[in-house]
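Below is one structure, written out as structure tokens; comments come after it.
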Amino acid sequence: MPKSRIRKKADFTPPPAAKAANIKLTNRSWVAPVMLALFLIGLAWIVLFYVTEGDLPIKSFGNWNIVAGFGFIAAGFGVSTQWK
């Protein structure tokens with residue numbers, strides 16, 4: 001039986017190394033403290049409203065103090081979208 005022809009494969013040459021692209025990172029070290037501060041202010045606002053039976057933080061707001069507290073918490077979630 002005749003011997004089959006053996007094809008010689010080319011030696012592997014790795015592709016040229018790609019240059020690393022410069023990524024401009026902005027300094028977002030302020031995001032976490034502001035986010036946590038807004039969460040805590042909102043929570044404290046709501047707890048203070050319930051503990052003082054509506055007299056604090058702003059008596060004239062009445063039950064809208066709950067909305068104000070949740071507004072701070074929502075702002076904290078808004079700031080959290082900037083976190084990388």
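These numbers come from the heavy atoms of this one structure, side chains and all, not from hydrogens, waters or symmetry mates.
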Check whether Trp83 and Phe72 end up in the same hydrophobic cluster, where Ile, Leu, Val, Met, Phe, Trp and Tyr are linked by side-chain heavy atoms less than 4.5 Å apart.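 Yes; tracing contacts between hydrophobic side chains, which count when under 4.5 Å, links both residues.
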Membership question, hydrophobic clusters at under 4.5 Å side-chain separation (ILVMFWY): are Val47 and Val67 in the same one?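 Looking at the clustering, Val47 is in a separate group from Val67.
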Rounded to the nearest 0.5 Å, what separation is found between the [atom1] atom of [X] and the [atom2] atom of [Y]?
X     : Y     : atom1 : atom2 : result
Asn65 : Thr52 : CG    : OG1   : 8.0 Å
Trp30 : Met35 : CH2   : CE    : 10.5 Å
Leu43 : Leu48 : CG    : CG    : 11.0 Å
Leu40 : Ile73 : CG    : CD1   : 9.5 Å

Is Ile46 close to Phe70 at the side-chain level, that is, under 4.5 Å between some pair of heavy atoms?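 Side-chain contact under 4.5 Å: yes.
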Mind checking whether Phe39 and Phe77 have side chains closer than 4.5 Å, heavy atoms only?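 Answer yes - side chains close enough.
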Distance-minimising heavy-atom pair for Val79 and Val31: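 Closest approach of Val79 to Val31: O-CG1, 3.5 Å.
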Tell me whether Trp45 contacts the main-chain N or O of Ile66 through its side chain, where contact means a donor paired with an acceptor under 3.5 Å.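 No: the side chain of Trp45 does not pair with the backbone of Ile66.
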Residue pair Phe49, Asn63: steps toward the side chain to side chain contact (heavy atoms under 4.5 Å, CB included) verdict: CA-CA 9 Å; Phe49 174 72; Asn63 287 335; 3.4 Å; yes
